[in-house]
Novice: 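To start, I am sharing the structure in question, which I have written as structure tokens.
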Amino acid sequence: MPTYIVLLGPPGAGKGTQAKMLVEKFGLPHISSGDIFRENLKNGTELGKVAQTYMTKGELVPDDVTIAMIHQRFARPDCTPGAILDGFPRTPAQADALEMMLRDFGGHVNIVPFVTAPVDVLIERLTGRWTCKANGHIFHEKFNPPQKAGICDQDGSELYQRDDDKSETVTRRIEVYFQQTMPLVEYYKEHNLLFEIDGDKPIEEVSAQLMGALQK
Ligand code: ADP
Ligand code: ADP
């Protein structure tokens, strides 16, 4: 049976950072909807153009577009053993669509680690985030600085600050999270899949909580 782990939580909680750790431990692919949109944006695809208009405002890309994109990603053979989902689903409609998709692959969501942190922490993390151009590796100028400023430790590529990590957009993204994504907390709680993780701890401590949850 394939294994599907859904990382849930507000922007800046540390989902991407933890997903990269889980990939190394479990050897499952990391499916980040935000990364796929940014890749399309970089390559100037139609999907990228559509997504950009929403992303720059901090709004969600419409469900039909997002669901179709994830569906395509699941069709790739590396997803056969399962996946670590980061940033998808973000709405109840996406969660329903995910269940249907996974049924087709003979699986279902196995666990939903819900990573949280207070809003002021989220803002400080997002506005200090530096992302690697080549592969999306994640750093923070204060909490997880690269060895050499502006350069990715893992692949030597340039680091940049995402447009949507500017403070006006960050505020909107957090609002959108509370309005549109929070209902999923109840949804997965009802399905007995939710596992709360205190994201307001150093990266290694959050990883340890997560590993504890996943080993159960
Ligand atoms: P998300 O994917 O949930 O938006 P990220 O993993 O990209 O979050 O993390 C947001 C920012 O916070 C990044 O700059 C990252 O380096 C930093 N960060 C992640 N986890 C922690 C943590 N536990 N403590 C301090 N900073 C963190
Ligand atoms: P974060 O690191 O803050 O969690 P992401 O990289 O996951 O941000 O997402 C960046 C942007 O991409 C979102 O603000 C939204 O515009 C778009 N996006 C990503 N995932 C989804 C999704 N599942 N549904 C709709 N829009 C999405």
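We count ligands from 1, going down the list as the structure has it; atoms in each ligand are counted the same way.
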Novice: I'd like to know if R73 and D35 make a salt bridge, using a cut-off of under 4.0 Å between side-chain N and carboxylate O.
Specialist: no
Novice: Can you tell whether the side chains of E59 and R173 come within less than 4.0 Å, N to carboxylate O?
Specialist: no
Novice: Counting each atom of ligand 2 from 1 as listed, which ones have a heavy atom of T66 under 4.0 Å away?
Specialist: 22 (C), 23 (N), 24 (N), 25 (C)
Novice: Out of all atoms in ligand 2, which are within 4.0 Å of some heavy atom of Q94? Include the element for each.
Specialist: 22 (C), 23 (N), 24 (N), 25 (C)
Novice: Which ligand 2 atoms, with their elements, are less than 4.0 angstrom from a heavy-atom of D164?
Specialist: 10 (C)
Novice: Quiz question: by atom type and distance under 3.5 Å, do the side chains of H30 and D86 form a donor-acceptor pair?
Specialist: yes
Novice: Show which atoms of ligand 2 fall inside a sub-4.0 Å distance from at least one heavy-atom site of S33.
Specialist: 19 (C), 20 (N), 21 (C), 23 (N)
Novice: For A97, enumerate each residue passing the side-chain contact (heavy atoms from CB on, under 4.5 Å) test, keeping only those at least two apart in sequence or located in another chain.
Specialist: I67, M101
Novice: Atoms of ligand 2 less than 4.0 Å from E59 heavy atoms?
Specialist: 15 (C), 16 (O)
Novice: P77: what forms a side-chain contact (heavy atoms from CB on, under 4.5 Å) with it, not counting sequence neighbours?
Specialist: none
Novice: Under 3.5 Å, is there a donor-acceptor pair between the T45 and N43 side chains?
Specialist: no
Novice: Does any donor atom in the side chain of T3 or N110 lie under 3.5 Å from an acceptor atom in the other side chain?
Specialist: no
Novice: Restricting to side-chain hydrogen bond (donor to acceptor under 3.5 Å, both in side chains), what partner residues turn up for Y188, sequence neighbours left out?
Specialist: none
Novice: Under 3.5 Å between any N/O of R38 and any N/O of ligand 2: does that happen in this structure?
Specialist: yes
Novice: With hydrogens left out, which residues have an atom under 4.0 Å from ligand 1, given that only heavy atoms count?
Specialist: P10, P11, G12, A13, G14, K15, G16, T17, R125, R129, I138, F139, H140, F143, N144, G199, K201, P202, I203, V206
Novice: Going by atom types only, do D96 and Y187 share a side-chain donor-acceptor pair under 3.5 Å?
Specialist: yes
